[in-house]
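What follows is a short report on a single structure.
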Amino acid sequence: MNGKHIQKLGFEKRAIKLALDAANLREDAGAKRGDILEELQAVQNNPTGYLSGGVYADLAAELHEQQQAGVSRQSAALRSTPLPYRVWGQDLIDPGAHDQMDVAMRLPVSRAGALMPDAHVGYGLPIGGVLATENAVIPYGVGVDIGCSMMLSVLPIAPGALSTDEARSLLMKHTRFGAGVGFEKRDRQDHEVLHESTWKDQPLLRHLYPKAAEQIGTSGSGNHFVEFGTLKLREADLGMEPGEYLAVLSHSGSRGFGAQVAGHFTALAQKLHPNLDRAAQKLAWLPMDTHEGEAYWQAMNLAGRYALANHDLIHRRLAHALNVRPTAQVSNSHNLAWKQIHQGRELIVHRKGATPAERGRLGLIPGSMADPGFVVRGRGEEAALNSASHGAGRQLGRKAAANTLAKKDVQGYLRERGITLIGGGIDEAPQAYKRIEDVIARQSDLVDIVAEFQPRVVRMDTGSEDI
DNA sequence: ATGTCC
């Protein structure tokens with residue numbers, strides 16, 4: 001047996017040496033040359049079948065890697081034209097978000113997509129973008145803040161019964177904001193999510209566990225908030241009679257934990273696709289049937305549950321301090337990927353700043369620090385992949401907001417609406433967002449309005465420039 | 001979105 005015999009079978013580079021090593025071992029064990037060549041061919045046809053051990057394991061690993069790389073190269077090319085997708089609120093969406101969605105719809109793994117009326121430019125997939133892929137998950141299709149979500153608790157208290165001062169002191173005492181911020185050790189609360197065995201399944205998760213435990217129950221920075229306000233229910237719903245109720249609304253994510261998961265798997269996805277078209281570099285994907293894809297899926301879903309646990313603790317603390325139990329609660333994630341059957345195929349539906357809106361499903365679409373948010377019920381629009389907007393969406397970028405908005409105008413806007421603001425920055429001013437009424441109007445075929453929430457006492461992180 | 005490098 002020599003290299004020529006092996007080469008004839010079509011082995012390349014390092015695989016030739018590994019095949020020869022294995023063949024020699026088999027010859028030493030008394031196997032016939034013809035049988036060995038047949039065995040090598042079998043390994044070549046199905047490397048994964050030989051990975052677990054035996055004389056051909058190293059060869060199988062090399063062949064598997066070569067084949068994966070080949071698949072990656074083959075699948076790196078973008079379609080020449082984007083697959084068609086529907087847009088809600090075209091007149092509200094800037095061209096940049098459109099361009100990004102076009103690139104996403106040219107990915108070879110893309111199957112369907114939609115753009116929500118709050119859409120604006122983001123990294124990779126635009127915010128407000130919905131993208132369905134086959135056997136692939138895109139870390140930047142979910143975003144940096146994995147599992148970013150909303151929660152509303154309706155409390156059995158009349159809106160007027162909680163004074164502004166009391167609301168303010170409750171928010172100061174029971175919520176924490178800011179990058180890197182966690183709860184002080186003596187105030188730290190436990191949650192079921194921290195006891196999941198999932199944390200032990202990956203070195204990365206194990207490593208991030210202490211940070212996650214430190215930051216649980218907190219709210220982060222940017223557009224995250226916790227606020228007291230008034231929920232107006234026009235018709236009996238949510239198990240409640242029509243009326244006005246005190247309610248808590250929160251917007252939070254998976255904090256440093258989720259951000260690091262996103263960073264880790266985004267880098268991994270880009271490394272797996274070195275030949276991906278530059279325009280789509282930030283949309284690099286992980287095949288779902290690989291170890292990497294499975295690992296991301298597991299970590300992403302843990303970050304999703306962790307983000308909801310943050311809300312859960314925020315609402316538990318506030319309700320407990322008021323000595324009540326919520327009469328109704330609604331929550332939804334708006335940065336996550338889901339397995340969803342679309343036109344008979346199981347697809348991976350990425351919602352990056354989009355609210356799940358399956359028929360009958362409740363969701364929350366906030367406006368701004370001073371404008372109403374809405375409790376909605378999905379209508380299950382297939383062309384929108386059962387989605388709706390996740391908010392009003394930015395009209396001005398952070399810098400543009402700081403440069404163009406006058407502090408006086410923002411203060412006036414808040415005063416007119418009776419808003420008390422703790423923290424907050426000019427880059428989160430209501431004027432930096434699209435009009436929520438417009439955004440809601442553009443998606444009347446995606447969701448029905450259940451109730452309206454008017455914020456009253458709002459806490460956010462201190463922004464770059466105070467209002 | 002995040003203490004901007006796991």
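Here is how names work: the chains are called A, B, and so on, in the same order as the sequence lines, proteins then strands, and each is numbered from 1.
Whole-Å rounding puts the Leu208(A) CG to dC6(B) C1' distance at 8 Å. Distance CG (Asn335(A)) to P (dT2(B)): 11 Å, rounded to an integer number of Å. Note: CE (Met460(A)) to P (dT2(B)) measures 11 Å, nearest angstrom. Distance His224(A) NE2 to dT2(B) C1': 10 Å, rounded to the nearest Å. Rounded to whole Å, the distance from CZ on Arg206(A) to P on dC6(B) is 19 Å. Atom CZ in Arg398(A) sits about 12 Å away from atom C1' in dT2(B), given to the nearest Å. Rounded to whole angstrom, the span from the CZ atom of Arg255(A) across to the C1' atom of dT4(B) amounts to 14 Å. Nucleotide dC6(B) holds its C1' atom 14 Å from the CZ atom of Phe257(A), rounded to whole Å.
For Ala259(A), taking side-chain heavy atoms from C-beta onward, the closest of the listed nucleotides dT2(B), dC6(B), dG3(B) is dT2(B). With dG3(B), dT2(B), dC6(B) as the choices, the nucleotide that has an atom nearest any side-chain atom of Gln215(A) turns out to be dG3(B).
Between His251(A) and His334(A), the two ring planes are perpendicular [angle over 60°; tilted spans 30° to 60°].
The phosphate of dG3(B) has OP1 or OP2 within less than 4.0 Å of a side-chain N or O from Lys211(A).
With respect to Arg456(A) and Glu227(A), no salt bridge is recorded, no charged nitrogen being found less than 4.0 Å from a carboxylate O. Contact check on Glu381(A) versus Arg359(A) returns no salt bridge, with no Lys/Arg side-chain nitrogen under 4.0 Å from an Asp/Glu carboxylate oxygen.
The nearest heavy atom of DNA chain B to Leu204(A) and to His251(A) marks one nucleotide each, and the one closer to the 5' end goes with His251(A). When each of His207(A) and Tyr123(A) is assigned the nucleotide of DNA chain B bearing its nearest heavy atom, the one mapping closer to the 5' terminus is Tyr123(A).
Among the heavy atoms of the strands lying under 4.0 Å from Gly220(A) are primed sugar atoms or P, OP1, OP2 only; no base atom is included. Among the atoms of the strands shown, only primed sugar atoms or phosphate atoms (P, OP1, OP2) are found under 4.0 Å from some heavy atom of Ser221(A).
His264(A) contributes no side-chain N or O that forms a donor-acceptor pair with the base of dC6(B) under 3.5 Å.
Exactly one of Ser252(A), Ser331(A), Ser250(A) qualifies for a side chain to side chain donor-acceptor pair (under 3.5 Å) with His311(A). That residue is Ser250(A).
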Side chain to side chain contact (heavy atoms under 4.5 Å, CB included), that's the test. Do Ser219(A) and Ile314(A) meet it? Break it down for me.
CA-CA 9 Å; Ser219(A) 300; Ile314(A) 292 164; 3.5 Å; yes
